[in-house]
> 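Below is a structure I'd like to ask you about.
All values below were derived from every heavy atom in this structure, side-chain atoms included, with hydrogens, water molecules and symmetry-related copies excluded.
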Amino acid sequence: MKTKTILFFSLITMVFLACEDLEPWKQLSLERTEYTGDRLRFDGCYYNDYPGLSYGTYIFYYRNGVVLSFLDDKGIKNLNDFIQTKYIATREDCWRIYKVSGDTITSKIWDEFGEGYMTFYNLILNDTTFQHFKTYHSHTGITKTYDNEIYYMQFIKMNPRPDSTNIFIK
């Protein structure tokens with residue numbers, strides 16, 4: 001009977017260890033750096049709405065190199081009005097890291113299908129305008145370049161802001 005019990009626990013342990021390897025992208029730890037520059041704003045969030053739709057994108061940059069980005073109702077001006085903030089702790093695709101070098105901001109985000117990560121390269125034209133010029137997908141190895149893809153973001157002052165602490169970025 002002891003042999004069967006030991007065998008059973010050994011099998012269970014092997015199953016758990018094997019499961020850890022099924023989704024290694026969720027455990028991906030990307031290098032991030034503290035941002036000390038003045039090209040980005042940290043006293044609120046960047047916002048972009050979509051004409052004809054009832055939602056917009058909210059992007060919070062943090063000095064510790066973390067970005068929180070998610071969709072929610074249009075035009076929210078207060079942290080308490082967000083619906084999505086209760087879900088962000090469990091959504092790896094809401095979190096990314098960034099690094100600024102000169103006028104270029106590079107950010108990495110997990111692929112929504114769990115097949116690696118995407119790297120985005122943008123020029124910071126001013127504190128609310130960005131030019132997207134390249135993406136790279138780690139799973140496919142495909143790099144795409146873009147011409148004159150300009151993003152004019154609104155900035156909404158907001159205090160308090162969501163915390164940058166999350167389980168996805170080490």
Side-chain angles (χ1 to χ4, degrees), residues 9 11-35 40-100 105-122 124 128 130 132 134-144 149 151 153-170:
F9 283 112
L11 288 172
I12 295 296
T13 302
M14 288 174 54
V15 167
F16 280 117
L17 291 174
C19 287
E20 285 184 25
D21 292 335
L22 291 177
E23 297 181 302
W25 64 276
K26 286 189 176 181
Q27 299 154 10
L28 185 62
S29 179
L30 301 170
E31 182 183 338
R32 62 184 175 87
T33 58
E34 188 81 15
Y35 178 65
L40 299 172
R41 296 188 60 183
F42 301 99
D43 56 336
C45 70
Y46 289 89
Y47 170 70
N48 190 19
D49 66 357
Y50 303 98
L53 299 176
S54 62
Y55 59 86
T57 301
Y58 295 86
I59 303 171
F60 294 87
Y61 284 93
Y62 300 91
R63 288 207 179 271
N64 64 1
V66 173
V67 179
L68 170 61
S69 176
F70 56 89
L71 298 174
D72 212 316
D73 292 339
K74 261 189 182 178
I76 294 173
K77 306 276 190 224
N78 183 315
L79 182 60
N80 295 329
D81 293 337
F82 285 116
I83 297 168
Q84 299 301 324
T85 54
K86 60 185 171 189
Y87 303 112
I88 60 176
T90 60
R91 300 276 319 259
E92 62 275 346
D93 59 343
C94 291
W95 299 98
R96 52 179 90 177
I97 60 160
Y98 75 94
K99 184 176 185 176
V100 176
I105 183 168
T106 304
S107 61
K108 292 185 181 184
I109 185 172
W110 284 273
D111 176 278
E112 62 208 44
F113 303 109
E115 298 176 342
Y117 60 89
M118 297 285 294
T119 305
F120 297 90
Y121 301 89
N122 296 285
I124 303 171
T128 58
F130 303 87
H132 183 62
K134 183 168 65 171
T135 58
Y136 167 75
H137 192 283
S138 70
H139 179 69
T140 63
I142 294 173
T143 299
K144 291 183 182 179
E149 196 165 303
Y151 294 96
M153 304 292 287
Q154 298 175 43
F155 191 83
I156 302 168
K157 285 194 169 212
M158 189 176 296
N159 189 18
R161 301 178 343 136
D163 185 26
S164 68
T165 305
N166 66 81
I167 61 172
F168 305 107
I169 298 173
K170 307 290 182 232

> Over all heavy atoms of both residues, which pair between Asn64 and Ser164 is shortest? Give the atoms and the distance, please.
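Heavy-atom minimum between the residues: ND2-OG, 2.9 Å.
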
> Tell me, do Asn166 and Leu68 make a side-chain contact under 4.5 Å, heavy atoms counted?
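A side-chain contact under 4.5 Å is absent here.
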
> Answer yes or no: does atom CZ of Arg41 have more than 12 heavy-atom neighbours from other residues, nucleotides or ligands under 6.0 Å?
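Yes, the 6.0 Å shell around CZ holds more than 12 heavy atoms from other groups.
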
> Is any side-chain heavy atom of Met158 closer than 4.5 Å to a side-chain heavy atom of Lys77?
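In short, these two side chains do not touch, never coming nearer than 4.5 Å.
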
> Could you measure the distance from the OG1 atom of Thr33 to the CZ atom of Arg63? Nearest 0.5 Å is fine.
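The distance works out to 12.0 Å.
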
> Verify side chain to side chain contact (heavy atoms under 4.5 Å, CB included) between Tyr136 and Thr106, making sure each step is shown before the conclusion.
CA-CA 11 Å; Tyr136 167 75; Thr106 304; over 6 Å; no

> Measure from NZ or CZ of Arg96 to the centre of the six-membered ring of Tyr117 and say whether it is under 6.0 Å with the direction within 45° of the ring axis.
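So Arg96 doesn't make the cation-pi contact.
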
> Does a side-chain heavy-atom distance below 4.5 Å link Asp93 with Trp110?
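When only atoms from C-beta onward are counted, Trp110 and Asp93 do not touch, as no gap falls below 4.5 Å.
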
> Please say whether more than 12 non-hydrogen atoms of neighbouring residues, nucleotides or ligands are located less than 6.0 Å from CZ in Phe155.
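Yes - once you tally the heavy atoms of other residues, nucleotides and ligands closer than 6.0 Å, there are more than 12.
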
> Could you tell me if the side chain of Tyr47 sits less than 4.5 Å from the side chain of Asp72, heavy atoms only?
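SC-SC contact between Asp72 and Tyr47 ruled out.
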
> If we only count heavy atoms from C-beta on, is the Val100 to Tyr61 side-chain gap below 4.5 Å?
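Side-chain contact under 4.5 Å: no.
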
> Which heavy atom of Ile88 sits nearest a heavy atom of Phe168, and at what distance?
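For Ile88 and Phe168, the tightest heavy-atom pair comes out as O-CE1, 4.4 Å.
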
> Partners of Phe82 by ring-ring contact (aromatic ring centres under 6.0 Å, His included), sequence neighbours excluded?
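With neighbours one apart ignored, the set is Tyr58, Phe70.
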
> Within this structure, what is the CG-OG distance for the pair Asn122 and Ser107, rounded to the nearest 0.5 Å?
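That separation rounds to 6.0 Å.
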
> Under the rule for ring-ring contact (aromatic ring centres under 6.0 Å, His included), what residues qualify as partners of Tyr50, not counting sequence neighbours?
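ring-ring contact (aromatic ring centres under 6.0 Å, His included) check on Tyr50 returns Tyr55.
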
> Any side-chain heavy-atom pair from Thr119 and Ser138 closer than 4.5 angstrom?
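Thr119 vs Ser138: side chains apart.
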
> Calculate, to the nearest 0.5 Å, the distance between atoms CZ and NZ belonging to Phe120 and Lys144 respectively.
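Separation between the atoms: 10.0 Å.
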
> Can you tell me how far apart CD1 (Ile124) and OG1 (Thr128) are? Round to the nearest 0.5 Å.
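Reported value, rounded in 0.5 Å steps: 11.5 Å.
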
> Output yes when a side-chain donor or acceptor of Tyr62 lies under 3.5 Å from a complementary backbone atom of Tyr35, and no otherwise.
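Side chain of Tyr62 to backbone of Tyr35, a donor-acceptor pair under 3.5 Å: no, none is there.
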
> Test the Arg161-Phe60 pair against the cation-pi criterion, namely NZ or CZ under 6.0 angstrom from the six-membered ring centroid and within 45° of the ring axis.
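The answer is no, since Arg161 fails at least one limit relative to Phe60.
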
> Restricting to non-hydrogen atoms, name the atom on Val66 and the atom on Trp95 that form the minimum distance, rounded to 0.1 Å.
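Minimum heavy-atom separation between Val66 and Trp95: CG1-CE3, 3.7 Å.
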
> With heavy-atom distances below 4.5 Å as the criterion, would you say the side chains of Lys134 and Thr143 are in contact?
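Sidechains of Thr143 and Lys134: in contact.
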
> Go through the structure and list residues passing ring-ring contact (aromatic ring centres under 6.0 Å, His included) with Tyr151, not counting sequence neighbours.
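Tyr151: no ring-ring contact (aromatic ring centres under 6.0 Å, His included) contacts found.
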
> Roughly how far, to the nearest 0.5 Å, is the CD1 atom of Ile167 from the OG1 atom of Thr90?
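The distance works out to 8.0 Å.
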
> Using the rule given for side chain to side chain contact (heavy atoms under 4.5 Å, CB included), can you reason through Val67 versus Ile59, listing the C-alpha separation, both sets of side-chain angles and the distance that settles it, and then say yes or no?
CA-CA 7 Å; Val67 179; Ile59 303 171; 3.7 Å; yes

> CG/Leu53 to NZ/Lys74 distance, rounded to the nearest 0.5 angstrom?
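Atom-to-atom, Leu53:CG and Lys74:NZ are 6.5 Å apart.
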
> Side-chain contact test, heavy atoms from C-beta onward, threshold under 4.5 Å: evaluate it for Ile83 versus Asp73 and give yes or no.
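Yes - at least one pair of side-chain heavy atoms lies under 4.5 Å apart.
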
> Can you give me the closest heavy-atom contact between Gln84 and Leu71, atom names plus distance?
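That closest heavy-atom pairing would be CG-O, 2.8 Å.
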
